[in-house]
Trainee: 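What follows is a structure written as structure tokens; I'll ask about it next.
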Amino acid sequence: MTSIQSMHTALSGLIAARKRVENASHNIANASTAGYSRQSISQVAAGGGIVPRVFTPSPVEAGGVITVGVDRSTDALLRNRLNVASDAAGAAAAGAKYLERVEGSLNEPSESGLSSQLAAFWDAWGALSVSPDSQAARQQVLDQGSMVAYTFHRIDTEMQDTLAFAGDELSQAAVEVNDLSQQVANLNAAVVAASPGSSERADMLDQRDLLVERLSYLVGAQQSMRTDGQVAVYVGGRLLVDNATVAKMKATTTQMTWEDSGNPVSAGGYVGQLHTLINQTIPALRTQLDGVAQKLVTDVNALHSAGKDTSGNVGNLFFAPLGTTAASIDLSSDPALGVSGHPERLAAASATGGVNDGSNANLIGDLADATNGIDDKYHAYLATVGTSTKSARSKADAQELVLSSAREDLKSIAEVNVDDELADLTAAQRAYQASARVITTIDEMLADLISHFGRVGS
Amino acid sequence: MRITQPAAVRRIQSDMQTARANRTKASDQISSGKRITRLSDDPAAAIDALRARRELKRSEAYTRQAADADGWLTTYDTSLSTIADRLQRIRDISLQGQNTGTAGPEVRASLVQEIQGIRAELASISDQRYLGKPVFAGTSEPANTFSGAPAYNYQGDSGTFMRTIAPGVSMQVNVNGEDVFGTTASGTQVFQVLQDLETQITAGNSAGITTGIQNLDTARERIETIRIQVGVKQNTVKYIQDQRATVEMDLRTQLSNAEDADLATASIDLAAADIAYKATLSAASKLFSTSLLDFLR
């Protein structure tokens with residue numbers, strides 16, 4: 001090896017050290033960039049690192065260090081686990097968010113909840129049974145009846161608003177999913193074009209992982225790596241992103257569909273849970289509430305129409321008989337039989353009782369205690385909502401923990417630790433100083449050779 | 001496991017979040033006094049609380065009905081004792097009238113006059129009202145309960161006033177006028193008996209007076225029986241009113257157990273959460289103050 005070659009060797013050391021400084025600075029700069037994976041320089045000794053082959057003899061004379069490329073610190077298995085956890089966490093988050101909203105619209109236990117309103121309604125009938133001749137007691141029954149109907153309307157309207165809100169979220173999710181898939185496709189193309197082992201390529205892979213993770217959360221997407229570095233992204237068994245091709249999604253008010261075929265997307269994650277909520281959970285809760293309203297209308301009307309009003313008429317209607325849903329329940333405004341605006345039509349007396357009889361009002365008030373009656377039915381409904389909200393919330397909490405543990409596991413490998421980078425930086429600085437010293441030394445040796453060679457005794 | 005600075009920061013942040021949440025939860029319980037503010041906090045206890053609340057509301061209704069029942073029964077008790085008192089007097093007068101030896105026509109005339117007075121008084125008792133409702137006329141509203149003199153026909157109906165004074169305990173609180181004063185068909189209707197006695201005493205018919213007194217005794221027995229029944233009902237109402245108070249207390253305890261916060265526990269929780277929060281903050285301040293940068297020069 002010649003001295004000049006040694007100089008080159010030292011120069012390669014200088015360059016290698018500079019690259020390590022560059023790498024450390026890139027890592028430190030991205031220490032808090034979302035999704036960034038720590039990069040490390042892969043360097044091999046020149047000569048020793050390349051396996052000699054028959055027809056390409058190794059540059060035996062060469063020395064120094066060669067920078068092979070940039071490695072990303074990540075783990076495919078942990079990345080996959082994170083995507084699966086995102087899918088489950090998305091579904092659980094949607095469930096908890098919507099059920100808590102439904103629970104909130106019931107507003108129980110409180111003075112304005114339906115259970116308090118029903119109690120006041122039964123109480124008003126009880127008061128009327130004691131003083132059927134009191135105009136105030138009659139008006140009180142009508143007012144409480146309207147309050148009960150109004151409370152049913154309010155709850156149902158809020159549930160409809162919740163459904164509409166879920167529909168809005170669905171269309172926002174469609175826009176976001178299309179945007180994300182397009183970005184994944186663009187990155188696929190860019191990754192193929194980028195030079196292998198470059199820091200830029202590693203950065204692109206990080207970005208793509210982050211996009212796919214978000215897609216997993218939104219629609220339960222899964223990715224599979226291709227040999228050329230591109231990914232295929234699947235949703236419900238269909239390709240969402242195939243290299244640079246994207247299948248678009250489109251939201252209707254009730255579900256997410258594929259834009260080309262119009263078939264529903266069998267999505268997981270947040271959107272998958274929205275499908276269940278919009279098409280099953282919330283409608284079922286509305287139907288169950290309708291059942292309570294229907295029971296109220298049927299039971300009260302059956303007793304009421306058997307009683308007698310102050311003019312001796314039998315068969316008056318308290319609730320409009322056709323309004324048997326939470327949205328449509330109302331006092332009957334039938335011109336001949338309806339009680340709305342006609343307190344004197346309240347049938348406080350039994351069919352055989354006299355004008356001072358209040359026994360029918362008493363019977364209606366006693367509906368409060370009826371076994372499997374209206375109150376029991378409503379309490380059963382509240383129990384359904386309460387327990388499903390509770391389990392949805394604890395599921396969301398648990399999935400959030402699973403997700404954050406999966407994320408921490410990946411980050412423990414991928415994340416930048418500034419202390420580590422500072423140590424690397426210092427080491428690289430020392431290596432640079434040492435290489436520089438080697439060059440100085442060789443330079444001095446050459447100077448000795450050139451200036452002093454052949455001179456004797458001077 | 002490799003621990004990076006951001007990981008340590010996140011961990012501290014999440015610990016601080018947890019400590020803050022625990023602290024808020026404990027202080028919320030103390031300030032609101034409630035353990036449950038949403039159904040999903042504890043669905044079973046929330047439903048229990050709703051049930052207890054409904055039972056309490058119903059209990060108020062029972063209390064009101066019981067008070068009303070008590071009012072009715074007290075009215076009857078007073079009226080019936082007055083009636084019994086007056087009929088006793090009639091019996092004395094009749095015996096006096098029967099004693100023809102001492103009772104001359106003038107004396108008999110004055111006796112008859114007293115009976116007539118009492119008859120008018122009884123008629124006015126039969127028209128007595130409680131809270132605007134005639135008490136002896138069933139559920140109807142006639143001008144006079146017994147009218148169409150001299151026949152004294154019953155003008156009311158057989159309607160009943162039922163009061164639910166406890167769950168499943170329904171009680172008739174009114175007494176029908178015909179049950180007290182008797183039906184025309186029975187021959188012992190109080191007003192008829194009185195009119196007969198007046199006639200017999202005026203005529204000085206001793207045997208007729210005896211029959212009259214016998215009829216009067218039948219009527220008095222009937223009224224005594226009703227008085228006893230009213231008295232029994234009054235006792236029942238009183239007993240149930242006392243019992244309702246105990247039941248209400250139980251319900252309030254139940255409600256409180258279901259939804260009220262245990263202040264002692266909540267205070268200890270708050271203190272513990274506070275200590276945990278301060279410890280987390282102190283750990284955070286130490287953790288962030290150290291870095292390799294401090295030692296590189």
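In what follows, chains are A, B, ... by sequence order, proteins preceding strands, each numbered from 1.
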Trainee: Atom CG of A:L128 and atom CG of A:D123: how far apart are they, to the nearest 0.5 Å?
Mentor: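 Answer for the CG-CG pair, A:L128 versus A:D123, is 11.5 Å.
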Trainee: Could you check whether B:T37 and B:D41, counting side-chain N and O atoms only, form a donor-acceptor pair closer than 3.5 Å?
Mentor: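 Result is yes, a qualifying pair exists.
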Trainee: Could you tell me if the side chain of A:V355 sits less than 4.5 Å from the side chain of A:T310, heavy atoms only?
Mentor: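 Not in contact.
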Trainee: Does a side-chain N-to-carboxylate-O contact under 4.0 Å join A:D424 and A:R20?
Mentor: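 The answer is no: the pair does not qualify as a salt bridge.
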Trainee: Got a salt bridge between B:E259 and B:R35, using NZ or NE/NH1/NH2 to carboxylate O under 4.0 Å?
Mentor: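 Here B:E259 does not pair with B:R35 in a salt bridge, since their nearest N and O are not under 4.0 Å apart.
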Trainee: Can you tell me which portion of A:R407 sits under 4.5 Å from chain B's heavy atoms? Options are side chain, backbone, both or neither.
Mentor: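 Nothing of A:R407, per the 4.5 Å heavy-atom cut-off to chain B.
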Trainee: Indicate whether the side chain of A:S37 and that of A:D206 have a donor and an acceptor atom separated by less than 3.5 Å.
Mentor: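 Yes - a donor-acceptor pair under 3.5 Å links their side chains.
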Trainee: Would you call A:E103 and B:R38 a salt bridge, taking side-chain N to carboxylate O under 4.0 Å as the test?
Mentor: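 Judged by the 4.0 Å cut-off on N to carboxylate O distance, A:E103 and B:R38 do form a salt bridge.
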Trainee: Suppose a student defines contact as a heavy atom less than 4.5 Å from any heavy atom of chain A. Which residues in residues 43-53 of chain B would they list?
Mentor: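 From residues 43-53 of chain B, the residues near chain A are B:P43, B:I47, B:L50, B:R51, B:R53.
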Trainee: Assess, by modelled atom type and distance only, whether the side chains of A:N360 and A:S350 contain a donor and an acceptor separated by less than 3.5 Å.
Mentor: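 No, no side-chain donor-acceptor pair sits under 3.5 Å.
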Trainee: Between A:L114 and A:Y378, is there a side-chain heavy-atom distance shorter than 4.5 Å?
Mentor: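 Yes, their side chains come closer than 4.5 Å.
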Trainee: Is there side-chain contact between B:N176 and B:S158, with heavy atoms separated by less than 4.5 Å?
Mentor: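 Yes, their side chains come closer than 4.5 Å.
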Trainee: Going by atom types only, do A:S131 and A:D133 share a side-chain donor-acceptor pair under 3.5 Å?
Mentor: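 A:D133 and A:S131 do not have a side-chain donor-acceptor pair below 3.5 Å.
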Trainee: Could you look at A:A349 and say if it's the side chain, the backbone, both or neither that has a heavy atom under 4.5 Å from chain B?
Mentor: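 Neither part.
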Trainee: Under 4.0 Å between a side-chain nitrogen and a carboxylate oxygen: does that hold for A:R138 and A:E344?
Mentor: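 Salt bridge: no.
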Trainee: Chain B heavy atoms under 4.5 Å from A:D419: which part of the residue, side chain, backbone, both or neither?
Mentor: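 For A:D419, the contact with chain B is made by backbone and side chain together.
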Trainee: For A:D366, is it the side chain, the backbone, both or neither that has a heavy atom under 4.5 Å from a heavy atom of chain B?
Mentor: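 Both parts, heavy atoms under 4.5 Å.
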Trainee: Side-chain contact, heavy-atom cut-off 4.5 Å: B:Q155 with B:T145?
Mentor: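 No - every pair of side-chain heavy atoms lies 4.5 Å or more apart.
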Trainee: Answer with side chain, backbone, both or neither: which region of A:N362 has an atom nearer than 4.5 Å to a non-hydrogen atom of chain B?
Mentor: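 Interface part for A:N362: side chain.
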Trainee: Taking A:K390, A:E415, A:K411 one by one, which has the highest count of heavy-atom pairs under 4.5 Å against chain B?
Mentor: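 Answer, by heavy-atom pair count under 4.5 Å with chain B: A:E415.
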Trainee: What residue in A:G126, A:A392, A:A380 has the most heavy-atom pairs under 4.5 Å with chain B?
Mentor: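 Top count of heavy-atom pairs under 4.5 Å with chain B: A:G126.
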Trainee: Considering heavy atoms only, which positions within residues 6-30 of chain B lie below 4.5 Å of chain A?
Mentor: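 Heavy-atom contacts from residues 6-30 of chain B to chain A are B:P6, B:A7, B:R10.
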Trainee: Check each atom of A:T426 against the heavy atoms of chain B and say whether the ones under 4.5 Å are side chain, backbone, both or neither.
Mentor: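 For A:T426, side-chain heavy atoms alone lie under 4.5 Å from chain B.
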Trainee: With the threshold set at 4.0 Å, does a side-chain nitrogen-carboxylate oxygen contact exist between B:E248 and B:R244?
Mentor: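 Between B:R244 and B:E248 there is no salt bridge, as every charged N stays at least 4.0 Å from the carboxylate O atoms.
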Trainee: Go through A:L106, A:T352, A:D375 and name the one with the most non-hydrogen pairs under 4.5 angstrom from chain B.
Mentor: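 Looking at each option in turn, the highest pair count goes to A:D375.
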Trainee: Counting C-beta onward and ignoring hydrogens, is there a side-chain heavy-atom pair between A:I374 and A:L118 closer than 4.5 Å?
Mentor: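 In contact.
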Trainee: Establish, from distance only, whether the side-chain atoms of B:T139 and A:N356 form a donor-acceptor pair under 3.5 Å.
Mentor: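 Short answer, no.
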Trainee: Any luck finding a side-chain donor-acceptor pair between B:T265 and B:D262 under 3.5 Å?
Mentor: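 Yes.
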Trainee: Is a donor from one side chain sitting under 3.5 angstrom from an acceptor on the other, for B:S147 and B:N153?
Mentor: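 Their side chains do not contain a donor-acceptor pair, so the 3.5 Å distance test is not met.
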Trainee: Would you name the heavy atoms of A:V385 and A:V102 that are closest together and state the gap between them?
Mentor: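 Closest approach of A:V385 to A:V102: CG1-CG1, 4.4 Å.
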Trainee: Name the option with the most non-hydrogen atom pairs under 4.5 Å to chain B; the candidates are A:A127, A:S391, A:S116.
Mentor: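 Between A:A127, A:S391, A:S116, the count favours A:A127.
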Trainee: Looking at A:D369, A:D409, A:T389, which makes the most heavy-atom pairs under 4.5 Å with chain B?
Mentor: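 Of the options given, most contacts go to A:D369.
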Trainee: What part of A:S115 gets closer than 4.5 Å to chain B, counting heavy atoms only: side chain, backbone, both or neither?
Mentor: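 Side chain only.
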Trainee: Sub-4.5 Å heavy-atom contacts with chain A: which residues of residues 61-73 of chain B show up?
Mentor: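 So far as heavy atoms go, B:A61, B:Y62, B:R64, B:Q65, B:D68 are the residues that approach chain A to under 4.5 Å.
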Trainee: List the steps and the verdict of salt bridge (charged side-chain N to carboxylate O under 4.0 Å, His left out) for A:E100 and A:R393.
Mentor: CA-CA 8 Å; A:E100 278 180 9; A:R393 190 194 291 159; 2.7 Å; yes
Trainee: Report yes if some heavy atom in the side chain of B:R2 is under 4.5 Å from a heavy atom in the side chain of A:I413; otherwise report no.
Mentor: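 No, too far: nothing below the 4.5 Å cut-off.
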Trainee: Name the orientation class of the two ring planes belonging to B:F136 and B:Y76 (parallel below 30°, tilted from 30 to 60°, perpendicular beyond 60°).
Mentor: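 Judged by the thresholds at 30° and 60°, the geometry between B:F136 and B:Y76 is perpendicular.
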Trainee: Applying a criterion of heavy atom separation less than 4.5 Å, what residues of residues 162-174 of chain B form contacts with chain A?
Mentor: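 Listed by number, the contacting residues are B:M162, B:R163, B:T164.
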